[in-house]
Amino acid sequence: MPMHVRDAMSSVVLTIGPAHTLRQAARLMSARRVGSAIVLDPDTSGLGILTERDILNSLGAGQDPDQETAHDHTTADVVFAAPGWTLDDAARAMSQGGFRHLVVLDAGDPVGVVSVRDIIRCWAPAPQPVPA
């Protein structure tokens, strides 16, 4: 029986606003132990995603994390998943799109995020105890 996105997704959804600085976003992501934040922009009624890679790219470019905002680094053309998608569907979408996170929407509301790591955890066999 196939596993679904709802079985793998993290229901810890960190949402931030577009005016959050990258440092603020990084602190919140670190505190929640998540690799992405959903960026809600009330002016556009849109959802975007800011990932740890976006922050890393900004730092690598020498940008100031106290001046750069989530808005300037948010991926706006987000591919959304539904809780009922199979993990194969999610992995295929990630592979084709070249990204590692999918925002999961249910009735238009963000209910989770599924990452490549989440999928691997579900697909990898449970560790076996080492015989003594």
Do [X] and [Y] have side chains that get closer than 4.5 Å, going by heavy atoms?
X	Y	value
Val113	Leu102	no
Met3	Ile119	no
Thr51	Ile49	yes
Arg23	Arg27	yes
Ile16	Gln24	no

In terms of heavy-atom contacts, Ala70 and Gly17 come closest through CB-O, 3.8 Å
Which residue pairs pass the side-chain hydrogen bond (donor to acceptor under 3.5 Å, both in side chains) test with at least one member in residues 1-17, sequence neighbours excluded?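 As it turns out, there is no side-chain hydrogen bond (donor to acceptor under 3.5 Å, both in side chains) pair with a partner in residues 1-17 once direct neighbours are skipped.
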Name all pairs fulfilling the side-chain hydrogen bond (donor to acceptor under 3.5 Å, both in side chains) condition that reach into residues 108-117, sequence neighbours left out, sorted by first residue then second.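 The answer is Ser115-Asp118.
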Side-chain heavy atoms under 4.5 angstrom apart, residues restricted to Ile, Leu, Val, Met, Phe, Trp, Tyr: same cluster for [X] and [Y]?
X	Y	value
Val5	Val103	no
Met9	Leu105	no
Leu14	Val111	no
Val79	Val104	yes
Val114	Trp123	yes

Rounded to the nearest 0.5 Å, what's the gap from [atom1] on [X] to [atom2] on [Y]? Could you check?
X	Y	atom1	atom2	value
His73	Asn57	NE2	CG	9.5 Å
Asp54	Asp72	CG	CG	11.5 Å
Ile38	His101	CD1	NE2	10.5 Å
Thr21	His71	OG1	NE2	15.0 Å
His20	Leu50	NE2	CG	10.5 Å
Arg53	Ser36	CZ	OG	12.5 Å

Tell me if a side-chain donor or acceptor on Ser30 pairs with a main-chain N or O of Ala26 at a distance below 3.5 Å.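 Such a contact is absent between Ser30 side chain and Ala26 backbone.
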Keeping Thr75 on the side-chain end and Val78 on the backbone end, is there a donor-acceptor pair under 3.5 Å?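 No: the side chain of Thr75 does not pair with the backbone of Val78.
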Donor-acceptor contacts under 3.5 Å from residues 80-94 side chains, at least two apart:
from: Thr86; atom 1: OG1; to: Asp88; atom 2: N; distance (Å): 3.4
from: Thr86; atom 1: OG1; to: Asp89; atom 2: N; distance (Å): 3.0
from: Thr86; atom 1: OG1; to: Asp89; atom 2: OD1; distance (Å): 3.4
from: Thr86; atom 1: OG1; to: Asp89; atom 2: OD2; distance (Å): 3.1
from: Asp89; atom 1: OD1; to: Arg92; atom 2: NH1; distance (Å): 3.2
from: Asp89; atom 1: OD2; to: Thr86; atom 2: N; distance (Å): 3.3

